[in-house]
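Written out below as structure tokens is the structure these notes cover.
Everything quoted here is computed from the prediction, not taken from an experiment.
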Amino acid sequence: MIFEEQFIKGLYLINYNIFKDKRGAFSKFYSDEIFKKKNINFNIKQVNLSINPKKYTLRGFHYQNHKDSEFKIIQCLSGSIYNVVIDIRKNSPTYKKWKSFKLTNYKNISLLIPKGCANAWLTTKLNTTLLYLHSKNYMPEKELGIKYNDPAFKVKWPHKPNIISKKDLSYNDYK
């Protein structure tokens, strides 16, 4: 596993070593030992699968309040997404800054999102499936969100969402 830290502290692209032979391919997806060596305390508490049949489906921005914030690892298993991470840690030098990534099923990479960051993504292909690992269990009473087009962040999406939940559209502007 090769960790590429981004300009937002604690945000990493993780590249995986792939071992191939006549049977196919194999890679180690997660190792607490490797994460501990990187001083990342990520204990898996919940694993989610997100299946999205339609192109331009948007999910997010989601996060849990700071006391209950969580690490996430996102891997695209099929299709592709345009993923955006916003740093909402008020004491961070990159507070209110965002970084985008294109995750696809043919690149053997995943995204490690640190605590205190909001995450959203837009599918860019049909039949996109994502695997999420979380360091905390989902707590609906602790969930917060930011509208995908909140003027405080000026996120540049590659396409306007065709499908978005009422909940994701209902968030107030970020202050």
Side-chain angles (χ1 to χ4, degrees), residues 5-14 40 42 44-90 92 94-105 107 109-175:
E5 189 164 17
Q6 306 300 302
F7 79 93
I8 295 174
K9 185 173 176 56
L11 177 62
Y12 291 92
L13 271 178
I14 302 172
I40 301 168
F42 188 112
I44 299 169
K45 298 290 185 185
Q46 185 171 319
V47 179
N48 296 334
L49 189 67
S50 178
I51 301 166
N52 308 274
K54 307 255 185 199
K55 191 173 179 180
Y56 305 130
T57 299
L58 187 126
R59 294 186 189 251
F61 287 96
H62 300 146
Y63 62 102
Q64 292 190 167
N65 75 18
H66 293 293
K67 183 180 146 233
D68 295 300
S69 63
E70 61 182 337
F71 283 107
K72 294 178 187 174
I73 298 175
I74 298 175
Q75 173 81 37
C76 185
L77 301 177
S78 67
S80 70
I81 62 167
Y82 182 82
N83 195 97
V84 178
V85 177
I86 299 175
D87 187 348
I88 52 171
R89 300 170 290 189
K90 291 187 175 165
S92 171
T94 54
Y95 175 60
K96 288 191 170 182
K97 302 270 191 256
W98 59 272
K99 174 83 173 140
S100 65
F101 302 89
K102 184 173 183 181
L103 299 180
T104 67
N105 64 310
K107 288 185 180 176
I109 60 172
S110 57
L111 192 58
L112 171 62
I113 301 163
K115 293 179 178 184
C117 288
N119 187 66
W121 46 262
L122 179 73
T123 62
T124 55
K125 289 192 176 180
L126 295 171
N127 300 314
T128 295
T129 302
L130 300 172
L131 182 70
Y132 277 78
L133 281 65
H134 299 263
S135 66
K136 293 253 184 177
N137 287 307
Y138 174 64
M139 296 178 274
E141 70 280 4
K142 304 290 183 170
E143 182 182 35
L144 298 167
I146 299 168
K147 251 189 292 193
Y148 82 97
N149 59 353
D150 190 309
F153 304 102
K154 298 181 177 92
V155 172
K156 293 178 178 90
W157 295 97
H159 193 278
K160 186 174 180 183
N162 288 342
I163 300 171
I164 184 167
S165 73
K166 287 179 183 176
K167 179 176 82 172
D168 286 347
L169 287 171
S170 72
Y171 296 122
N172 293 324
D173 286 350
Y174 190 82
K175 295 183 174 99

I74/L103 under side-chain contact (heavy atoms from CB on, under 4.5 Å): CA gap, chis, key distance, verdict: CA-CA 9 Å; I74 298 175; L103 299 180; 4.1 Å; yes
L13 vs F101, side-chain contact (heavy atoms from CB on, under 4.5 Å): CA-CA, chis, key distance, verdict: CA-CA 9 Å; L13 271 178; F101 302 89; 3.8 Å; yes
Derivation and outcome, side-chain contact (heavy atoms from CB on, under 4.5 Å), residues H159 and T124: CA-CA 8 Å; H159 193 278; T124 55; over 6 Å; no
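The shortest heavy-atom contact between Y148 and W157 is O-NE1, 3.0 Å. Summarising the geometry of T128 relative to C76, their closest heavy-atom pair is CG2-SG, 4.3 Å, with the distance given to 0.1 Å. Between Q64 and N137, the shortest heavy-atom distance links the atoms OE1-O, 3.6 Å. Minimum interatomic distance between I8 and K97 (heavy atoms only, all atoms of both residues): CD1-O, 3.9 Å. The heavy-atom pair separating S165 from D168 by the smallest distance is OG-N, 3.0 Å. Here the closest heavy-atom approach between residue A118 and residue I146 is recorded as CB-CD1, 4.0 Å.
Partners of N52 according to the side-chain hydrogen bond (donor to acceptor under 3.5 Å, both in side chains) rule, which considers only residues two or more places apart in sequence or in another chain, are S50, R59. Every residue two or more places apart in sequence or in another chain was checked for a salt bridge (Lys or Arg N to Asp or Glu O under 4.0 Å) with K90, and none qualifies.
Taking the six-membered ring where the residue is Trp, Y174 and F153 present tilted rings, their angle falling between 30° and 60°.
Here the side chains of K136 and F71 are not in contact, with every heavy-atom distance at 4.5 Å or above. The side-chain heavy atoms of C117 and I86, taken from C-beta on, include no pair separated by under 4.5 Å. Residues K99 and F7 form a side-chain contact, since some pair of their non-hydrogen atoms from C-beta on lies under 4.5 Å apart. A 4.5 Å side-chain heavy-atom check between I109 and L111 finds every atom pair outside the cut-off. Here the side chains of D173 and P151 are in contact, with some heavy-atom distance below 4.5 Å. I81 is listed as a side-chain neighbour of L130, based on a closest heavy-atom distance under 4.5 Å. Side-chain contact between K156 and W98: present, with at least one pair of heavy atoms (C-beta onward) separated by less than 4.5 Å. The closest side-chain heavy-atom distance from T57 to T123 is below 4.5 Å.
A distance of 7.0 Å separates CD1 in I40 from CD1 in I14, rounded to the nearest 0.5 Å. The distance from the CG atom of L77 to the CG atom of N127 is 13.0 Å, given to the nearest 0.5 Å. Here the CG atom belonging to L49 is positioned 6.5 Å from the CG atom belonging to L131, to the nearest 0.5 angstrom. If you take NZ on K9 and CG on D87, they are separated by 11.0 Å, rounding to the nearest 0.5 Å. The structure places OH of Y63 at 13.0 Å from CZ of R89, a figure rounded to the nearest 0.5 Å. From L126, atom CG reaches atom OG of S80 across 10.0 Å, with rounding to the nearest 0.5 Å.
Between the E5 side chain and the L11 main chain, no donor and acceptor come within less than 3.5 Å of each other. The closest donor-acceptor contact from the side chain of Q75 to the backbone of Y132 lies at 3.5 Å or more, if one exists at all. S78 places a side-chain N or O within 3.5 Å of a backbone atom of T129 that can act as its donor or acceptor partner. S135 places no side-chain N or O within donor-acceptor distance of the main-chain N or O of I44, the cut-off being under 3.5 Å.
With Y56 as the aromatic partner, K54 does not meet the cation-pi criteria of under 6.0 angstrom to the ring centre and within 45 degrees of the ring axis.
In the displayed structure, K96 atom NZ is contacted under 6.0 Å by more than 12 heavy atoms of other residues, nucleotides or ligands.
With salt bridges taken as basic N to acidic carboxylate O contacts below 4.0 Å, one links K167 and E143.
Here W121 and Y82 keep their ring centres 6.0 angstrom or further from each other.
Using modelled atom types, one finds no donor on one side chain facing an acceptor on the other under 3.5 Å when comparing N119 with H62.
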